[in-house]
Novice: 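There's a structure below that I have some questions on.
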Amino acid sequence: MRELKLMKGNEAIAEAAIRCGVDGYFGYPITPQSEIMETLMAEAPWNTTGMVVLQAESEIASINMVYGGAGCGKRVMTSSSSPGISLMQEGLTYLAGSELPCVVVNVVRGGPGLGTIQPAQSDYFQTVKGGGHGDYKLITLAPASVQEMADFVEVAFDLAFKYRNPAMILSDGVIGQMMEKVELGEQKPRWTMEYIEKNHPWATTGKKKGKERRVITSVQLESSAQEEFNHKLQAKYRQIEKDEVLYEKIMCDDAEYLFVAYGSSARICQKAIELARNKGIKAGMLRPITLYPFPIQQLQELAKQVKGMLSVEMSAGQMVEDVRLAVNGKIPVEHYGRFGGSVHSPSEVVEALEQKLIGG
Amino acid sequence: MKEEIIIAGFGGQGVLSMGKILAYSGVMQDMEVSWMPSYGPEMRGGTANVTVILSKERISSPILHEFDTAIILNQQSLDKFESQVKPGGTLIYDGNGITHHPSRKDINIYRIDATEEAAKMRSSKTFNMIVLGGYLKIKPLVEIENVIKGLKKSLPDRHHHLIPMNQKAIERGMGIVQTLQEKVQA
């Protein structure tokens, strides 16, 4: 059996990055995710796997270092928390526009502005609706445990390279700061140059004699060429929406009311399900694991079964819009959540369900 | 079996590390565990608290507003968390600096004068382990050998020579914890 460790979510991200053979991490410290870079610095993987770990001068520098590394076909990542991720939006749209794979971790804190360092889930819109300019999407994974913080690093890299698109791990201060048991994978080697050459023929690895020049760019001055490129991007997104939806159903079989929640709110809702069922309310939950692509079909199916859905998120109501779009008016969909750095309790969630959907 | 615990006191009392050692002890005993700290500015000299859950089953919410056991190490934390102990639950507190003692009649209450005992042992740093000992005496959910393993896992190697002293502190805590109100039913 492999070793079980007790670790913070942030520490698990760092350990998993080293073990899955990431080539580079570039970041700038910000609470509540600073343990990611702290752990990487303490582990000093440049001595073992050769992974580069660099504290950049800013978040803007970090994301542009990611652009450079990704362009070379390297597996590179950065992490930050909400205000820092806002600074990275230009870089993200350029990465998407240049079809470069990378992983970005956002351990969300309360906003807007500098906000608070306490947990929040109010960056949903920024993550799945754009954030930067142009018609692009970020593949978005939402871990709900420390184990998933570790596991999703490799999942995110695999998806990013499969589709040549940036992937976001959208976490929050609860999952980042809490400790749970975690089982880490075996150490995998970093990709060799031969591997990159063979599998990622777009990567700029140095022009060989007689080979065509490879250009990585997001600029197309001809509007017709840019339109064509956008069609290509959209086709890629339709493929992602078809093939890559991940979700978890909890106690849905006999559910009459459904919580829709991700990340730490999904954990809180699991407890709320227990409390609700103790009161005789048949509650269940759909937990989107990918926020983009969103589990639209699964929600449509469940809309035929349940009497109402409550989107529980630590925001003023963001994901609830996607739940409503999926359900398309068939049943009532309401939102509940504390926000601005406050975290709802399981009993508050049950009260909200009773007040907003069951009526009382 | 599921035990939901809040440990609360001043920053610097070893609240978070006590929680970590308890959680690691649970890991060593094949339990599911979670450790959720208050983090940020309040840790630096203000109040610090951590929620620890030990369970035989998958843990749902790491965030709770009701606890089976509250381990309370200062007046502010007592004022805040006494009301959040479940009826029939347990409250353990250090009497040092407490002027308004717990008053609920529907919970079990224990007192452990760990600050005083740590001073007697001339080792203020073992304070949190004395408290942990008191807790383990009342709620022997993890075996002492697993607590020692948990200590080893939690402490960096360079501090492993301190383990016997910490073990002594745990035993001392088991010896000095006093029952104030017990066998209360919800």
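Here the structure is a predicted model, which means the values were calculated and not measured. Below, chain A is the first sequence line, B the second, and so on; all start at residue 1.
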Novice: Applying a heavy-atom distance below 4.5 Å, give me the residues of residues 278-289 of chain A that approach chain B, sorted by number.
Specialist: none
Novice: Please find the pair of heavy atoms, one from A:Arg267 and one from B:Ser60, that lie closest to each other, and give the distance.
Specialist: NE-O, 2.7 Å
Novice: Is it the case that A:Gln270 and B:Ser61 place a side-chain donor and acceptor less than 3.5 Å from each other?
Specialist: no
Novice: If you draw a 6.0 Å radius around CD in B:Glu182, do more than 12 non-hydrogen atoms from other residues or ligands fall strictly inside?
Specialist: yes
Novice: Answer whether the closest heavy-atom distance between the side chains of B:Pro62 and A:Val174 falls below 4.5 Å.
Specialist: yes
Novice: Nearest heavy-atom pair of A:Lys8 and B:Trp35: which atoms, and what distance?
Specialist: CE-CZ3, 3.8 Å
Novice: With chain A as the partner chain, list the residues of residues 150-158 of chain B whose heavy atoms fall under 4.5 Å from it, by residue number, and write 'none' if nothing qualifies.
Specialist: B:Lys153
Novice: Can you tell which of A:Gln177, A:Glu180, A:Lys5 has the highest number of heavy-atom pairs within less than 4.5 Å of chain B?
Specialist: A:Gln177
Novice: Residue by residue, scan residues 122-147 of chain B and write down, ordered by number, those that have a heavy-atom distance under 4.5 Å to chain A; if none do, write 'none'.
Specialist: none
Novice: What part of B:Met28 gets closer than 4.5 Å to chain A, counting heavy atoms only: side chain, backbone, both or neither?
Specialist: neither
Novice: Short question: side chain of B:Lys20, backbone of A:Met179 - any donor-acceptor pair under 3.5 Å?
Specialist: no
Novice: Does the pair B:Glu66/A:Lys271 count as a salt bridge with the N-to-O cut at 4.0 Å?
Specialist: no
Novice: Report which part of B:Ile59 has an atom under 4.5 Å of a heavy atom belonging to chain A: side chain, backbone, both, or neither.
Specialist: both
Novice: For A:Asp254, I'd like to know if atom CG has over 12 heavy atoms of other residues, nucleotides or ligands within 6.0 Å.
Specialist: yes
Novice: Considering only residues two or more places apart or on different chains, which pairs with a residue in residues 69-117 of chain B satisfy ring-ring contact (aromatic ring centres under 6.0 Å, His included)?
Specialist: B:Tyr93-B:His101
Novice: Between atom CZ of B:Arg58 and atom OG of A:Ser145, what is the distance when rounded to the nearest 0.5 Å?
Specialist: 8.0 Å
Novice: Quick one: closest heavy-atom pair of A:Gly173 and B:Met36, and the distance?
Specialist: O-CE, 4.3 Å
Novice: With rounding to the nearest 0.5 Å, note down the distance linking CD1 in A:Ile268 to CG in B:Leu64.
Specialist: 9.0 Å
Novice: With a cut-off of 6.0 Å (strictly less than), are more than 12 heavy atoms of other residues, nucleotides or ligands near NZ of B:Lys86?
Specialist: yes
Novice: If every non-hydrogen atom of A:His344 is compared with every non-hydrogen atom of B:Ile63, which pair is closest and at what distance?
Specialist: O-CG2, 4.4 Å
